[in-house]
Amino acid sequence: MPQNVTQKILAAHLVSGELKAGSPIAIRIDQTLTQDATGTMAYLQFEALGLPRVRTELSVSYVDHNMLQSGFENADDHRFLQSFAARHGIHFSRPGNGICHQVHLERFSGPGKTLLGSDSHTPTSGGAGMLAIGAGGLDIALAMGGLPFNLNMPQVIGVRLAGRLQPFVSAKDIILEVLRRKTVKGGVGRVFEYFGPGVATLSVPARSTITNMGAELGATTSVFPSDAVTLDYLRAQGREEDWSEWTADPGAAYDEILEIDLDTLEPLIACPHSPDNVRPVREVAGTPVAQVAIGSCTNSSYTDLMTVAGMLDGRMVAEGVSLGISPGSRQVMEMVTRDGGLLKFIAAGARILESACGPCIGMGFAPPSEGVSIRSFNRNFYGRSGTKTAAVYLASPETCAACALTGVITDPRDLEISEVPVSLPDSFLVDDRMVIPPAEEPEKVEILRGPNIAKLPASRAPDAEIRGPVLIRLGDDITTDHIMPAGAKVLPLRSNLPAISEYVFHVVDESFPGRAREAGGGFIVAGHNYGQGSSREHAALAPRYLGVRAVLVQSFARIHLANLVNFGILPLAFADASDYGRIDAGDELSVDISQLALGKTLTVQNHTRNLGFEVHPQLASSRDLELILKGGALPWASEQLEKMA
Ligand code: MIC
Ligand code: SF4
């Protein structure tokens, strides 16, 4: 049978299961990546498995999120991560080397390989023909331990690209178009695979902008074929030997096909507060802009920044605008400097930020009150920028540069400047000295722990009955930024569960942690697509720490669902979605789980209203069931490893 790229890579890594959409499969993981904000916890979990060394082909630990060192916490975490990596066989990318996804694409991506990363934008390397999936830190810990990754076989959506992008229209507009059509829920349980004649016109960094932001569809991942363009890119990175060809067989089938005509695509923009709230730029043109931020793992490649430099060349940023630029990697920063881009930025009045996530995760550069911020990033969730009243829009680097120059939202085609085409260099500046290989004598390495590194809480099997009040009742599309906010104040607490738990639901209801503790736990109730966005497992771990043992919703986002199961929180979906209307915040609920079994419904009692209703436990496999009954994945994994030994 002819196969598509997704099926080929999965088949080459299949450990168990059948490649039939919806059925549970387990796959071998070749590489893992972590970043500092999720990495500290992932490594503490790996440590709990008791293994001396990782069992992957390659594992890399990056530092890119927690970069504002306003106290000892982040610096201590960096030191912990560096020593941990040296000791356990992990490569360490030092702070300053760049954003994990950009650096991984440049230096480690490998066509046809699998990558599991504790960050939802791990699919960035899909631009180089890799099957790269985001997951919670615990899943990365298990993969580092050599255990396969479990998921449901996704449907494969084929996105057929035809034609060629017109001037001032770029890869970001392609993914915004996909988001406009499919929404932030449209990718759940799916892989987006790009094919068709338009593919050859897109460079690897452009492809990676698309696979990166495919995360916003809720997709399992997104992937491009590995072709001659991929070979050129890897050759320019000095890694020709890492290339192999991965293209769909002629006649390969897709579960659904989307067609995008690049010739007619125009500049698009995602309006507040969701990446799928997409409109043509011209429809919102003229809106005054307070801030522009260019960078993030979506759009901060050499080509992106040199394009912006060309547009800013000899011009000045508008008076009312603050423009911040954060290059994606040290390689990008060095090359943009060497090729004159940096000088153009500085001369135009841009503020040069370090090569890291920065404003994307609320690490500084927050917009002013009610300020409009135009960003080349991938997420504009409510409150994420650090300013609750800000209006954050997402657009291409070209549109961002146009807005910075005029001070209002501007379609870049309306500027009286002509496009400065930037082509990829024949060779990138390669210098891997900021990536430290694991120690040669690991037993001599001492792991350095600061006071911010708290112990992991013990897992405990659930009681036969889960009972408690509805602590909060929320609507659709609740993001992990609502559940467990990031930003300069909270992010440094990622390795300190008791401290970070005080911020659960901080942007929507500051009284949540206090009430949860007082009640000794309870239920979270919400609508569709609960937990979309980030892979942060703290969005499960922290509520669990506060005593939450069940979440009851209309539907879940993929990574968050897996994280809940990993920490022994029972995920429940209403059998009849309208029962959501028969619960209020404060109602006392209970559910008897003594008969918990795969495929069996349970009854939730609402004692306040004296009624009962059916729910489906969202457990995909017998493994999921076991995890819940054991109180989480860690106790389960330790048993598995013992069996393997
Ligand atoms: C994000 O973009 O939200 C993050 C911060 O990179 C997260 C990871 C995290 O929460 O630490 C992600 O996307 O997974
Ligand atoms: Fe960093 Fe933002 Fe990318 Fe997350 S989305 S990895 S915070 S740049």
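For ligands, and for the atoms within them, numbers begin at 1 and follow the listed sequence.
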Using residues 90-97 as the side-chain source, report each donor-acceptor pair under 3.5 Å to any protein atom, sequence neighbours left out, with the distance given to one decimal.
unit_1	atom_1	unit_2	atom_2	d
Ser93	OG	Asn97	ND2	3.0

request  = Would you check if Val54 and Phe46 make a side-chain contact, meaning some heavy-atom pair closer than 4.5 Å?
outcome  = yes

message = Can you confirm if the aromatic rings of Phe556 and His560 lie within a centre distance of less than 6.0 Å?
response = no

query = Looking only at atom types and distance, does a side-chain atom of Glu73 sit under 3.5 Å from a main-chain N or O of Asn452, one as donor and one as acceptor?
reply = no

message = What I'd like to find out is whether the side chain of Arg375 reaches to under 4.5 Å of the side chain of Val392, using heavy atoms alone.
response = yes

message = Would the distance check show the side chain of Arg190 and the main-chain N or O of Gly186 forming a donor-acceptor pair, the cut-off being under 3.5 Å?
response = yes

key: Neighbouring residues of ligand 2, heavy-atom cut-off under 4.0 Å   = His65, His101, Asp119, His121, Ser296, Cys297, Cys357, Cys360, Ile361, Asn378, Arg384

query = Near ligand 1, which residues have a heavy atom under 4.0 Å away from one of its atoms?
reply = Gln35, Ala37, Thr38, His65, Asp119, Ser120, His121, Ile361, Arg379, Arg384, Arg494, Ser534, Ser535, Arg536

query = Got a salt bridge between Arg330 and Asp431, using NZ or NE/NH1/NH2 to carboxylate O under 4.0 Å?
reply = yes

task = Keeping to residues at least two apart or across chains, list the side chain to side chain donor-acceptor pair (under 3.5 Å) pairs with something in residues 382-394.
result = Arg384-Asp481

query = Run the side chain to side chain contact (heavy atoms under 4.5 Å, CB included) check on Phe149 and Ile133 step by step: do they pass?
reply = CA-CA 10 Å; Phe149 176 60; Ile133 303 177; 4.0 Å; yes

